[in-house]
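For reference, the structure is listed below as structure tokens.
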Amino acid sequence: MDRRAIGVISGKGGVGKTSLTASLASLASKDPDIIPIIMDCDVDAPNLALILPAENEHNIDMQDTYTTLKASFIEEKCVHCKQCIEDKFCEFHALSWDEEQEIPIINYLACEGCGACKVLCPEHAFEINPVKSGEIISYITKKEPRLVYGRTELGSTTSGKLVSESKEYAQDLDEYEASNFILIDGPPGIGCPVIATVTGLDYIITICEPTPSGVHDVKRAIEVVQQFEIPFGIVINKADLKSPFQKEFQEFIDSTGYDVLGRIPFDLQIAHAMANAEPVVDYAPDSEASKAIIEIFKKLKKRLWDSSL
Amino acid sequence: MTIIALPTMGGGGINSNVSPRFGRCQSFTFVTVEDGEIQKVKTVPNSAANAMGGAGIQAAQIVGNNGATEVICGFLGPNASQGLSSLNLKIYQIPNQQLTVKQAIDMYLKGELQEISQANVGAHYGMGGGGRGMGGGMGRRRF
Amino acid sequence: MAKPPIITVTGGKGGTGKTLIAVNLTTMFKNEGKKVLLIDGDVENPNTNLLLGLELKNKTPVMFFKPVIIKEKCSKCGLCAQNCATNALLWVKDSYPIPFLSLCSGCKLCYKICPEDAIKEDKKILGWIYEAQKDNIDLLVGELKPSEARSASVVEALLEKLNTTLENEPEKYDVVILDTAPGAHCDVELLLGQADKIIPVTEPTKFGKLDLERIIQLIKLLNKDYKAIVNRSSLLGFKDEFLQELAEQNIEILGDIPLDDEIVQSYCQGIPLMDDSGKFDTNGAGYQAFLKIFDNLKIWMEDHKMQEVKK
């Protein structure tokens with residue numbers, strides 16, 4: 001089977017991406033036709049590793065990344081002209097003025113390393129250097145497939161780049177050539193790291209819930225996916241939730257004609273499974289939630305390989 | 001006379017392998033072809049490989065600045081594909097297998113390569129308010 | 001004139017209940033007759049207006065730099081492209097540079113260094129800011145345009161509005177509450193950076209704890225004061241264990257909120273649980289938990305004021 005790369009996103013956070021990805025990863029690892037590599041691209045708060053721990057704690061690859069650029073100030077070169085402030089060299093509010101010492105102060109967290117200050121300062125009193133942006137961690141999981149994930153260094157502001165680098169890392173693995181299923185747990189939201197995640201994928205699963213913000217949230221997530229013209233399917237989590245928005249939500253989904261891969265009922269076994277740091281399909285294989293997820297997995301396979309993408 | 005650019009591995013050259021990636025390949029090999037024969041081969045290290053971001057754009061610049069009018073490659077990321085398209089270059093895709101530059105050029109000369117240039121893309125001004133990578137790139141699969 | 005205290009509600013993990021808590025804290029301040037400004041900084045998924053049952057008005061676009069090459073003036077020197085840190089300008093010899101807007105960081109360096117003044121400082125829509133108002137609550141909501149990446153710039157626009165208001169009318173509000181997105185990305189950092197007090201919201205699971213630890217790391221980097229809230233504390237039945245773990249790590253909390261069907265109802269109806277309209281059972285477990293948290297919050301804020309006075 002040809003290789004397929006798929007991502008799980010949700011727009012809103014906390015809707016169940018990691019939980020679903022963990023279960024799909026487990027099902028994929030048991031499927032004789034599938035050779036998976038699992039990724040967690042929620043680089044600002046990666047969680048999948050909790051459910052897919054390493055088979056061998058001593059065999060974990062960690063690679064530091066240095067793709068964040070930050071400005072630093074060279075005091076010896078400064079002539080205190082204050083041009084950097086007066087002419088607003090910095091568009092990111094990372095430069096302020098120290099009245100006492102009459103020198104600029106760089107706000108490290110706000111600095112985006114664009115290099116404008118370095119280019120514009122007539123005395124060359126600024127320089128730009130790479131700093132540690134995060135790490136890429138990779139290991140063989142207890143369940144067998146390899147897990148690759150990125151984790152940002154707090155304050156690095158380059159989550160999107162780390163996502164791209166993690167993807168590159170996965171593709172450079174020896175196992176990549178043999179693999180035919182790349183499953184990615186995506187970040188929440190619809191911004192920079194999500195865009196970096198969905199770029200180049202073959203298929204996207206969007207998870208949503210029938211809550212007051214449910215219609216809103218799924219619309220926004222799908223708008224992003226449609227911009228990239230990537231085929232997608234919807235998974236409705238807590239599908240039988242008793243909420244006055246159930247009807248409106250259902251009507252909306254029906255009206256769009258979107259491909260619904262499946263509906264996972266509200267099932268406390270999911271919470272119990274997560275508390276046990278296990279995918280629900282392993283923790284409670286006969287639960288309603290697990291049955292729904294198994295059906296979703298079957299449908300997903302059909303979408304990926306029975307129809308041409 | 002046509003100059004064809006290929007992303008290559010190592011230092012590049014007629015016997016080097018075509019790289020599966022474009023923006024961050026190790027080198028570019030420029031092959032001048034005339035009357036169905038290879039006249040000249042030039043290699044250039046890819047300085048875009050170290051770019052913090054937008055490597056595909058920088059790589060497209062290298063290709064353009066070396067006078068190439070056509071490109072033979074494997075996979076193009078979204079930035080590279082938009083970059084090359086904006087320069088109006090013809091893009092040919094090699095099949096999903098390891099090929100040397102010589103083998104790829106031979107296939108090209110025999111008309112065995114598929115042209116995958118985007119239609120209707122001239123030197124336009126970026127993608128309006130759009131996000132990264134409309135359409136997710138071209139060519140053989142990488143994500 | 002004293003500026004009002006700014007409280008940022010955050011969490012790291014998605015779905016822990018940040019917005020729910022931000023909205024109910026806002027409501028409790030309103031109940032006491034305080035004038036509150038609530039800012040929804042979760043610009044990729046703003047929901048505060050839904051929980052408050054308010055209609056958004058005054059849609060104002062947030063604009064972002066867009067470079068446009070003026071061909072008549074351009075000498076094709078390529079200086080702009082050579083200095084662009086993100087490779088957002090493609091330039092080959094003897095041709096006009098081509099902007100790639102999706103890569104543009106907005107640093108405006110190209111515009112500033114062009115020797116021919118051939119780059120126009122144009123703008124594109126990055127998102128929008130909306131307003132809403134009810135009783136003593138003013139709501140400001142930011143929204144990122146789907147397919148755009150720079151949520152931090154929309155958050156910056158929100159904070160600019162906040163700071164302008166605080167400069168011109170420092171007495172307008174008694175308290176300001178900021179609601180953040182999940183994660184620890186730069187949009188969240190900006191809202192944490194403005195805070196006098198930070199309330200990270202977590203849930204009693206390994207995942208909640210991991211993300212809480214991460215957000216606390218960030219809060220410490222910013223040198224800020226924080227106290228957490230454990231939401232859905234009765235989920236799975238190991239609340240005491242969890243609270244014990246937090247205590248052992250010296251993570252102080254304002255309180256915990258158990259699962260309560262009334263909370264779900266309030267969420268669905270768009271009426272805050274703590275609204276004094278008498279809709280919900282004031283003896284409910286959730287209601288009582290919120291009251292305790294609010295008391296602790298006020299004490300915490302008093303301590304802060306006492307510190308300020310002592311200085």
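Labels below follow one simple rule: chain letters A, B, ... track the order of the sequence lines, proteins then strands, and each chain is numbered from 1.
At a threshold of 4.5 Å between non-hydrogen side-chain atoms, the residues C:Ser105 and A:Phe92 count as touching. In this structure the side chain of C:Cys107 never reaches within 4.5 angstrom of the side chain of A:Glu112, judged on heavy atoms. For the pair C:Phe207 and A:Ile51, the minimum side-chain heavy-atom distance is below 4.5 Å. With a 4.5 Å cut-off on side-chain heavy atoms, C:Lys145 and A:Glu223 do not count as touching. With contacts defined as side-chain heavy-atom distances shorter than 4.5 Å, the pair C:Leu222/A:Leu109 qualifies. Side-chain contact between C:Lys206 and A:Met274 is absent, with no heavy-atom pair separated by less than 4.5 Å.
Contact of C:Leu50 with chain A is made through the side chain alone, with heavy-atom distances under 4.5 Å. Only the backbone of C:Val43 comes within less than 4.5 Å of a heavy atom of chain A; no side-chain atom from C-beta onward does. A:Val43 touches chain C through its backbone: at least one of N, CA, C or O sits under 4.5 Å from a heavy atom, while the side chain does not. No part of C:Ala181 comes within reach of chain A, as not one of its non-hydrogen atoms sits under 4.5 angstrom from that chain. Heavy atoms closer than 4.5 Å to chain A are found in the side chain of C:Glu189, but not in its backbone. Neither the backbone nor the side chain of A:Pro187 comes within less than 4.5 Å of any heavy atom of chain C. Looking at A:Tyr108, neither its backbone nor its side chain comes within 4.5 Å of chain C, counting heavy atoms on both sides. Looking at C:Phe65, neither its backbone nor its side chain comes within 4.5 Å of chain A, counting heavy atoms on both sides. With a 4.5 Å cut-off on non-hydrogen atoms, C:Glu203 does not touch chain A at all. For chain C, the nearby part of A:Thr211 is the side chain; its heavy atoms alone come within less than 4.5 Å. In this structure, the portions of C:Leu144 lying under 4.5 Å from any heavy atom of chain A include both its backbone and its side chain. With a 4.5 Å cut-off on non-hydrogen atoms, A:His216 touches chain C through its side chain but not through its backbone.
Expressed to the nearest 0.5 Å, how far OG1 of C:Thr205 lies from NE2 of A:His272 amounts to 13.0 Å. Note that the CD atom of C:Glu148 and the SG atom of A:Cys192 stand 11.5 Å from one another [nearest 0.5 Å]. The CG atom of A:Asp217 lies 4.5 Å from the CG atom of C:Asn45; values are rounded to the nearest 0.5 Å. One finds the CG atom of C:Asp211 at 4.5 Å from the CG atom of A:Asn47 (value rounded to the nearest 0.5 Å). A:Lys12 NZ to C:Thr19 OG1: the interatomic distance, rounded to the nearest 0.5 Å, is 6.5 Å. To the nearest 0.5 Å, atom NZ of residue C:Lys108 and atom CZ of residue A:Phe89 are 14.5 Å apart.
At most 12 heavy atoms of other shown residues, nucleotides or ligands fall within 6.0 angstrom of atom NZ in C:Lys239. Within a 6.0 Å radius of CD in A:Glu86, more than 12 heavy atoms belonging to other residues, nucleotides or ligands are found. By the 6.0 Å contact criterion, NZ on C:Lys120 is open, its count of non-hydrogen atoms from other residues, nucleotides or ligands being 12 or less. Residue C:Tyr111 qualifies as open at atom OH: its count of foreign heavy atoms under 6.0 Å is 12 or below. Heavy atoms of other residues, nucleotides or ligands lying less than 6.0 angstrom from NZ of A:Lys132 number more than 12.
Contact record, C:His185 with A:Pro193: NE2-CD, 3.9 Å, taken as the closest heavy-atom pair. Across C:Pro146 and A:Ile190, no two heavy atoms sit closer than the pair CA-CD1, 3.9 Å.
Here A:Asp44 is the residue among A:Asp87, A:Asp44, A:Leu241, A:Leu50 with the most heavy-atom pairs under 4.5 Å with chain C. When each of C:Gln265, C:Gln269, C:Lys112 is checked for heavy-atom pairs under 4.5 Å with chain A, C:Lys112 comes out on top. Most heavy-atom pairs under 4.5 Å with chain C: of the set A:Val194, A:Val224, A:Thr152, this distinction falls to A:Thr152. With respect to chain A, the highest number of heavy-atom pairs below 4.5 Å among C:Ala184, C:Gly193, C:Cys186 belongs to C:Ala184. Among the candidates A:Leu268, A:Val15, A:Leu69, A:Leu120, the residue making the largest number of heavy-atom pairs closer than 4.5 Å to chain C is A:Leu120. For the options A:Ala110, A:Gly113, A:Ala271, A:Ala221, heavy-atom pairs under 4.5 Å to chain C are most numerous at A:Ala271. Interface remark: of the candidates A:Pro46, A:Ala277, A:Cys90, A:Ala275, A:Ala275 forms the most heavy-atom pairs closer than 4.5 Å to chain C.
Using a 4.0 Å cut-off between charged side-chain N and carboxylate O, C:Glu143 and A:Arg220 make a salt bridge.
Between the side chain of A:Gln227 and the main chain of C:Ser147, no donor-acceptor pair closer than 3.5 Å is present. Of the possible polar contacts, none joining the A:Glu91 side chain to the C:Gly106 backbone as a donor-acceptor pair under 3.5 Å is found.
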